Amino acid sequence: MAVDAGAIGSSVRRELGSGLRGKVAGPGDRGYNTARAVFNGMIDRRPLAVVRCADASDVVRCVGFAGRHELPLSVRGGGHSVAGNAVRDGAVMLDLSGMKALRVDPEARTARAEPGLTLGEFDRATQAFGLATTLGVVSTTGIAGLTLGGGLGWLNGRHGLACDNLISADVVTADGRLLRASAGENEELFWAIRGGGGNFGVVTCFEYQLHPIDLVLAGGLSYPAEVAPRVLRFYDDFVKSAPDELSTAASLGLTPAGEPTLSIGVCYCGPVDEGEQVLNPLRTFQPPVDDGIQPMPYTALQSARDEGFPFGRRHYWKSGWLRNMTDDAIETLMRFLPQMPSSASGIGLQQLHGVASRVAPSATAFPHRAEQYDFCILSQWSEATDSDRNRRWTRAAFEAMVPHLEASVYVNNLGDEGPARVHAAYGENWPRLVAVKRTYDPDNLFRANQNIDPSTDTGSGQQ
Ligand SMILES: Cc1cc2nc3c(=O)[nH]c(=O)nc-3n(C[C@H](O)[C@H](O)[C@H](O)COP(=O)(O)OP(=O)(O)OC[C@H]3O[C@@H](n4cnc5c(N)ncnc54)[C@H](O)[C@@H]3O)c2cc1C
């Protein structure tokens with residue numbers, strides 16, 4: 001029976017709450033405003049109810065409740081989706097951020113992790129055993145959304161993406177079952193959740209492969225704008241032949257004084273003395289203004305960028321894959337950089353490399369398997385009055401870059417950009433994803449995401 005979202009009140013919230021281990025909050029209740037606030041300060045949405053799930057049984061109950069009443073459902077892990085997909089107006093919001101259990105098996109080098117963990121919480125626990133796996137580069141991000149979309153971080157060259165390190169997941173599907181997905185169980189579901197986002201169910205536990213990670217040789221080099229084109233050309237040649245142990249990211253931005261600047265971040269995860277040799281040409285060919293590369297604990301690297309991404313600032317991102325860093329592409333970037341309206345913003349070129357690039361595009365739902373850069377204009381600012389200016393500049397810079405980019409995009413960078421862009425994020429894997437969606441979520445209960453609509457015509461004659 002459908003419920004009128006406007007009429008739903010405390011009695012329905014009572015029904016939702018009965019038997020739950022976690023708590024339900026509606027408008028006016030304590031915790032409601034904190035839970036509905038997400039990383040991107042542009043997002044101000046009011047769910048019907050927020051359920052702070054305590055465990056998988058709470059998730060099963062909520063999925064059943066939303067399905068029975070035909071209510072929209074959203075899922076919050078770390079709340080970092082720039083599109084704000086964790087929260088929807090009038091929806092039942094499953095807030096999983098309190099589910100933070102983590103069990104490391106140091107012998108098997110695996111970890112079973114609940115979906116409320118942030119990268120920093122995960123890394124701290126696994127590093128206690130000298131272990132880690134690929135996650136992202138800002139430690140406050142949630143493991144859940146990051147892994148389900150792919151997960152590109154400092155270990156990708158040596159160990160693949162976060163989703164490549166997934167051994168299994170527990171998934172609550174739209175029919176209320178709790179399924180285990182792995183290489184040997186519910187294989188199509190397992191394939192789809194490694195890149196297909198939250199389209200197929202709610203993951204209540206991720207099992208990851210871990211790897212020995214000791215000190216890493218990491219940090220950044222910075223350069224003024226005058227030498228940036230030359231450095232970018234050298235950097236592009238250098239990283240193309242770099243060993244898998246080296247993962248890098250370049251970033252263009254403004255100094256606090258408003259001067260255009262280029263920085264190159266690196267992480268070498270093999271022996272430090274080897275890393276010193278590998279990095280020597282990059283560090284010496286053009287003396288940087290600053291060289292912060294040094295041996296450091298992996299957890300220090302993982303939190304090094306956190307300060308630049310505080311919770312609650314306004315964000316607008318535009319993104320695509322850059323395969324060829326041509327002179328024209330560099331010239332375009334350098335032309336737009338000086339007009340960047342906010343010194344908090346950046347133009348990122350995060351390298352997908354080595355092991356992550358050599359996985360077959362159809363082996364997981366994440367199809368972007370090539371040596372290339374995840375190009376992303378990450379605009380951020382504080383005041384609402386600056387929004388138009390920042391968005392305008394971001395769109396103009398992105399449009400100018402489009403001729404240099406692939407037609408595809410990393411799904412986890414997408415804002416609210418429409419179905420064609422979601423399709424572009426899945427490329428050749430789209431028809432198979434639609435087929436898996438039809439099997440596990442034919443009514444599209446899980447649609448507060450970069451949505452794979454099960455009714456899409458995939459050209460297979462089915463709709
Ligand atoms: C500051 C910042 C830095 C970033 N850096 C990187 C990076 O280095 N590498 C990278 O790959 N990405 C990066 N990202 C992108 C990031 O991967 C996505 O924003 C991702 O969605 C964050 O996951 P979350 O759990 O925090 O997000 P949420 O907003 O909580 O969730 C995003 C979506 O994931 C789905 N979801 C979340 N939890 C579950 C679950 N348990 N079950 C089913 N579906 C679920 C839902 O559909 C939800 O809509 C970054 C983002 C930010 C804001």
Side-chain angles (χ1 to χ4, degrees), residues 35 37-41 43 53 56 59 63 73-88 91 93-97 99 113-120 122 134-156 161-163 169-174 181 192-193 195-206 247 249 251 265 267 301-302 305-313 315-317 319 344 346 348 350-352 356 366 368 374 376 378 380 410-416 440-441 445-452:
V38 290
F39 171 79
N40 184 356
I43 309 293
C53 295
V59 175
V63 167
L73 187 79
S74 76
V75 183
R76 179 198 171 110
H80 272 51
S81 145
V82 164
N85 281 330
V87 56
R88 283 287 159 96
M93 177 179 178
L94 268 63
D95 177 6
L96 308 185
S97 62
M99 290 174 63
E114 284 195 326
L117 289 159
T118 63
L119 312 193
F122 183 97
T134 310
L135 293 170
V137 303
V138 174
S139 82
T140 52
T141 314
I143 63 163
L146 178 123
T147 303
L148 292 169
L152 183 61
W154 289 121
L155 303 179
N156 85 83
L161 302 176
C163 73
D170 296 344
V171 189
V172 177
T173 47
I193 60 169
N199 272 286
F200 308 94
V202 183
V203 176
T204 56
C205 184
F206 295 89
S247 293
S251 174
C267 169
L301 169 65
Q302 284 294 84
R305 296 188 169 199
D306 291 2
E307 233 176 66
F309 294 92
F311 194 90
R313 268 200 200 140
H315 283 255
Y316 183 71
W317 294 10
S319 176
Q350 195 172 356
Q351 190 196 9
L352 190 149
F366 180 96
H368 315 288
D374 177 20
C376 189
L378 307 98
Q380 57 169 314
Y410 175 28
V411 73
N412 275 0
N413 292 342
L414 280 177
D416 213 349
Y440 288 98
D441 186 18
L445 176 65
F446 304 114
R447 58 183 178 275
N449 45 40
Q450 300 298 349
N451 194 230
I452 298 165

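Quantities reported herein were computed from a predicted structural model and do not represent experimental measurements. Ligands are counted one by one from 1 in listed order, and the atoms in each one are counted from 1 as well.
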- Query: Contact between Phe446 and ligand 1, counting heavy atoms under 4.0 Å?
  - Reply: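 For ligand 1, residue contact (heavy atoms, under 4.0 Å) with Phe446 is absent.
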- Message: With the threshold set at under 4.0 angstrom, would you say Ala448 reaches ligand 1 through any of its heavy atoms?
- Response: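 Ala448: in contact with ligand 1 (<4.0 Å).
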- So, do Thr118 and Thr141 sit near enough that their side-chain heavy atoms are less than 4.5 Å apart?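 No, too far: nothing below the 4.5 Å cut-off.
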- Decide yes or no for Phe200 and Val171: does some side-chain heavy atom of the first lie under 4.5 Å from some side-chain heavy atom of the second?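 No, too far: nothing below the 4.5 Å cut-off.
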Where is the nearest protein heavy atom to [atom]: which residue, which atom, and how far?
atom                    : value
atom 41 (N) of ligand 1 : Val203 O, 3.0 Å
atom 52 (C) of ligand 1 : Trp317 CH2, 3.5 Å
atom 43 (C) of ligand 1 : Gly201 O, 3.2 Å
atom 45 (C) of ligand 1 : Leu148 CD1, 3.5 Å
atom 38 (N) of ligand 1 : Ala144 CB, 3.3 Å
atom 48 (C) of ligand 1 : Val75 O, 3.4 Å
atom 28 (P) of ligand 1 : Gly79 N, 3.4 Å
atom 4 (C) of ligand 1  : Thr141 OG1, 4.0 Å

Which ligand 1 atoms are under 4.0 Å away from a heavy-atom of [X]?
X      : value
Gly136 : 7 (C), 8 (O), 9 (N)
Gln350 : 8 (O)
Val202 : 42 (N), 43 (C)
Gly78  : 24 (P), 25 (O), 26 (O), 30 (O)
Leu152 : 7 (C), 8 (O), 9 (N), 10 (C), 11 (O)
Pro115 : 41 (N)
Phe309 : 1 (C)
Leu146 : 9 (N), 10 (C), 11 (O), 12 (N), 13 (C), 17 (O), 20 (C), 22 (C), 23 (O)

Polar contacts were defined as any N/O atom of the residue lying under 3.5 Å from an N/O atom of the ligand; does this apply to [X] and ligand 1?
X      : result
His80  : yes
Gly77  : yes
Asn413 : no
Gly145 : yes
Gly142 : yes
Val137 : yes
Val82  : no
Asn412 : yes
Ser81  : yes

Donor-acceptor under 3.5 Å ([X] side chain, [Y] main chain):
X      : Y      : value
Arg76  : Ser97  : no
Asn412 : Gly145 : yes
Ser74  : Ala86  : yes
Asn156 : Gly151 : no
Gln350 : Leu152 : yes
Asp441 : Phe446 : yes
Glu114 : Phe206 : no
Gln450 : Leu414 : yes

- Under 4.0 Å, heavy atoms only, figure out whether ligand 1 is touched by the backbone of Phe206, its side chain, both or neither.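 Phe206 to ligand 1: no contact under 4.0 Å from either part.
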- Query: Is Ile143 touching ligand 1 with its side chain, its backbone, both, or neither, if touching means heavy atoms under 4.0 Å apart?
  - Reply: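 Neither part.
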- Query: Rounded to the nearest 0.5 Å, how far does OG1 of Thr140 lie from CZ of Phe311?
  - Reply: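 If I round to the nearest 0.5 Å, the distance is 9.0 Å.
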- Message: Check for me whether the distance between the ring centres of Phe39 and His315 falls short of 6.0 Å.
- Response: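 Yes, ring centres under 6.0 Å apart.
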